[in-house]
Undergrad: 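Input: one structure, supplied below.
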There are 2 protein chains.
Amino acid sequence: MDTNANLEEAIEVLQQLGLKEYEARCFVGLSRLHTGTAKQLSEMTEVPRTRVYDAIRVLEAQGLVEIQHSSPQQFRAVPLEEATETLRDQYEARVERLRDALEMVEIVDPDDEGPVQQVWAMSGRDAIENRTNDLIGEATDEVVLVIGDDSLLTPELVDALNGVGNGVDLLVGALTDSLQDEIETAVPDATTFISGLEWLHGENATVDDTAIGRLLLIDRSTILVSSIIPDTKKEQAIFGDGFGNGLVVIARRLMAQGLLLAHDPGP
Amino acid sequence: MDTNANLEEAIEVLQQLGLKEYEARCFVGLSRLHTGTAKQLSEMTEVPRTRVYDAIRVLEAQGLVEIQHSSPQQFRAVPLEEATETLRDQYEARVERLRDALEMVEIVDPDDEGPVQQVWAMSGRDAIENRTNDLIGEATDEVVLVIGDDSLLTPELVDALNGVGNGVDLLVGALTDSLQDEIETAVPDATTFISGLEWLHGENATVDDTAIGRLLLIDRSTILVSSIIPDTKKEQAIFGDGFGNGLVVIARRLMAQGLLLAHDPGP
DNA sequence: TCGAGAATCACTCGGTTAATCACAAAACAG
DNA sequence: CTGTTTTGTGATTAACCGAGTGATTCTCGA
């Protein structure tokens, strides 16, 4: 059995969550021992015995393990559900504190407003998805969206699409029939189409090894284009704002040539 | 105005969330600048100018800032709501991964079951609260709960109390009339009382500067007692399991003397 | 009382981060 | 076009923190 990979995975994630290596190792060690002494833990987790105590103390302070003050001391991990819930609580509290602190502060000097020709770059799947959904929520006239990968059609995206105002046209393109079907059932109000942009496919990728992930055009004045690096699966996006923006102009031209299959705005 | 404290708070929390000092400083700097160059940021945040670029790159990769690739480069922070949402997503994903990995692994050797005389120590408000709620959910006969501090009566606790099975007696004690009233309206099924344990009050604290936070007795065989260090507000608890447990025995004796005002189980 | 294991403390080593410097490239003024 | 300033990158040094190890004190059972 490959339980070992899971062990390493757990240790790694715990470190990402802020634990030190010894602490992480001790916690997963206890998770499978259910109850153990420093000696047992040390043997199982390869943590020097003398350091087990420090690690456990930290874990105890975080509410992840319990200590029995006998001799020898006994340790045991909190049940998994409790542990994850506790971690979650911790995090929520932190994010909340951050929000409050920054809200109190965001009052700043509104300096000059730079040129309108702005193209911003951002990356990270979650961040791009959040931005996408936000933008859709702010649309007042039209949303054109092309989805380049099935995994991008998340419940949150569906919610955002279904939540647009009444007068907003929804044009959603997909690359495959099956994805188009999915969209049609999930977002009944949307006009769907199969994208004419064959270059969205990874198979047709040119020299640069990237595939288009999303293409979003809001009210013909804001655009977001994301690409996905096939190797790392990382998503990165560029984001243009303003009617006169170069990117936006290009997008409009694409539409005019029928590539995005938009209908002309009526008289 | 004391906006400075908020700045520091934000920086500190961001570091707890895994960012380095420079990254945190740059992010809060951008949060109040809304858009700025490396130079501006450097002056405002005391981050060496030449290091701003690295920090920003990391932030960009995490989806917290956007970069405009002009010269000079312009940076701007993602809107606060998006940022917190992104951080939340990140964290949720991690906790999820942890849960999955540990679930695959928790199959372990069920060693010997030690003595029944077990007293475990744990600390951390969230962890203790989670344990409290779990224990209440597992009660089959009786729940005796004394709440020593108003702030401990959380919505989750109320849910747990209202969610117990039908045959379970609920006895909830408070220290003040007002708290008792709160409990009565929030948990109609509970029999409430004013605790006769005056020593729960912080005012009456003895030499050791601690006040009792919660006292929980489940089915007369499991007990949890928590105390709150007045200085640090940290909560710590001891937790005893098993009918023959010394702690539990003490608790039952307290009840027999009427201090916990339990009714005797009928014939 | 004594010895063996248990627990704590004090220290070294190595890697990471904070901080500074040197330099190349780009923008800008004249 | 040229020299100067600003911007961006890379290399280098210094301070810090965590991983690993040994010495010391404590606890328990014989």
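Just so it is clear: chains get the letters A, B, ... in the order the sequence lines come, proteins before strands, and each one is counted from 1. Note that these values count all heavy atoms, side chains included, but never hydrogens, waters or copies made by symmetry.
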Undergrad: Describe the nucleic acid contact of R57(A) in one word from base, sugar-phosphate, nothing, applying a heavy-atom distance below 4.0 Å.
TA: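 Sugar-phosphate only.
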
Undergrad: Which comes earlier along DNA chain D counting from the 5' end, the contact point of R49(A) or that of E46(A), where each point is its nearest nucleotide?
TA: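 Its nearest nucleotide lies further toward 5', so the answer is E46(A).
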
Undergrad: Check the side chains of D219(A) and S221(A) for a donor-acceptor pair under 3.5 angstrom, ignoring hydrogens and angles.
TA: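 No, no side-chain donor-acceptor contact under 3.5 Å.
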
Undergrad: Could you tell me whether R97(A) and E12(B) have a side-chain N and a carboxylate O separated by less than 4.0 Å?
TA: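 Salt bridge: no.
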
Undergrad: Give the rounded distance in Å between these two atoms: NE2 of H69(B) and P of dA26(C).
TA: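 To the nearest whole Å, that distance equals 16 Å.
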
Undergrad: OP1 or OP2 of dT8(C) versus the side-chain N and O atoms of Y53(A): is any pair under 4.0 Å?
TA: no

Undergrad: Could you tell me whether E96(B) and R99(B) have a side-chain N and a carboxylate O separated by less than 4.0 Å?
TA: yes

Undergrad: Specify the separation, in whole Å, of atom CD1 of I11(B) and atom P of dA18(C).
TA: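 Result: 12 Å.
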
Undergrad: With a 4.0 Å cut-off on N to O distance, would you call E46(B) and R25(B) a salt bridge?
TA: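 Salt bridge flag = no for R25(B) with E46(B).
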
Undergrad: Regarding T37(A), tell me which of base, sugar-phosphate or nothing describes its non-hydrogen contacts under 4.0 Å with the strands shown.
TA: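 If one applies the 4.0 Å heavy-atom cut-off, T37(A) turns out to touch nothing in the nucleic acid.
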
Undergrad: Measure from the side-chain heavy atoms of K20(B) and tell me the nearest of dG20(D), dA18(C), dG22(D).
TA: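 It is dA18(C).
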
Undergrad: Can you tell me which nucleotide in dA7(C), dA18(C), dG8(D) comes closest to the side chain of A38(A)?
TA: dA7(C)

Undergrad: Take the protein atom CD of Q73(B) and the nucleotide atom C1' of dA27(C), then report the distance between them rounded to whole Å.
TA: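 Spelled out: CD on Q73(B) to C1' on dA27(C) is 14 Å.
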
Undergrad: Rounding to a whole Å, what distance do you find between L41(B):CG and dG8(D):C1'?
TA: 15 Å

Undergrad: Starting from C1' on dA19(D), measure out to CD on E23(A) and report it in whole angstrom.
TA: 12 Å

Undergrad: Please tell me which of the listed nucleotides, dT21(D), dT20(C), dA18(C), lies nearest to the side chain of P48(B)?
TA: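 Within the option list, the nearest is dT20(C).
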
Undergrad: Starting from the 5' end of DNA chain D, give me the residue, K39(B) or R51(B), whose nearest nucleotide shows up first.
TA: K39(B)

Undergrad: It should be established whether Y22(B) places a side-chain nitrogen or oxygen under 4.0 Å from OP1 or OP2 of nucleotide dA19(C).
TA: yes

Undergrad: Heavy atoms only, 4.0 Å cut-off, all strands: where does P72(B) land among base, sugar-phosphate and nothing?
TA: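 Sugar-phosphate, backbone atoms only, no base.
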
Undergrad: Would you mind checking if E92(A) and R88(A) are paired as a salt bridge, meaning a charged N to carboxylate O distance below 4.0 Å?
TA: no

